[in-house]
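Notes for the one structure printed next.
Scope of the values below: all heavy atoms of this structure, side chains included, with no hydrogens, waters or symmetry mates. Note that the coordinates shown come from a computational prediction; the quantities given were computed from them, not determined experimentally. Numbers here are sequence positions counted from 1.
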Amino acid sequence: MKIQIDRSRCTGIGMCEALSPDYFEVDDDGVLQLIAGPDVPESAADEVRAAVKACPKVALSLEDAS
């Protein structure tokens, strides 16, 4: 699966970073950075799904990589 970010929706709250710090980071300017990815291995899928689901602005989504 692939991580998709809608930067026009993201407000830098950081729920994704709190739940999945290996994939997401909000920088000092409040801009979401993708640390790893956009491809997500199955071993990290549950963590990344939780982070995507927790986004209060629905700025994150996942796309099947198939």
Side-chain angles (χ1 to χ4, degrees):
M1 75 179 141
K2 283 187 174 220
I3 300 168
Q4 302 291 319
I5 302 172
D6 182 345
R7 295 196 190 281
S8 69
R9 291 178 166 263
C10 181
T11 58
I13 293 170
M15 293 299 296
C16 56
E17 180 179 16
L19 293 169
S20 188
D22 291 335
Y23 283 83
F24 305 99
E25 179 179 73
V26 177
D27 68 17
D28 292 340
D29 294 323
V31 177
L32 178 61
Q33 302 296 322
L34 196 55
I35 306 254
D39 295 314
V40 179
E42 191 58 39
S43 60
D46 289 342
E47 174 186 314
V48 172
R49 278 190 195 102
V52 168
K53 186 176 181 180
C55 180
K57 296 297 184 174
V58 193
L60 301 171
S61 62
L62 295 171
E63 175 185 298
D64 279 335
S66 42

For [X] against [Y], the heavy-atom pair lying closest together:
X   : Y   : result
A51 : F24 : CB-CE1, 3.8 Å
P56 : M15 : CD-CG, 4.1 Å
A50 : L19 : O-CD1, 3.7 Å
K57 : T11 : CG-OG1, 3.7 Å

Close side-chain approach of V26 and V31, heavy atoms under 4.5 Å: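 V26 does not reach V31 side chain to side chain.
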Pairwise side-chain contact, V52 with R49, heavy-atom cut-off 4.5 Å (strictly under):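 V52 vs R49: side chains apart.
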Connected via hydrophobic side-chain network under 4.5 Å: M1 and L34: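 Yes: a chain of side-chain contacts under 4.5 Å links M1 to L34.
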[atom1]/[X] to [atom2]/[Y] distance, rounded to the nearest 0.5 angstrom?
X   : Y   : atom1 : atom2 : result
L62 : K53 : CG    : NZ    : 12.5 Å
C16 : L32 : SG    : CG    : 4.5 Å
K2  : I5  : NZ    : CD1   : 12.5 Å

Pair E47, S20: side-chain N/O donor-acceptor within cut-off below 3.5 Å: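 Yes, a side-chain donor-acceptor pair sits under 3.5 Å.
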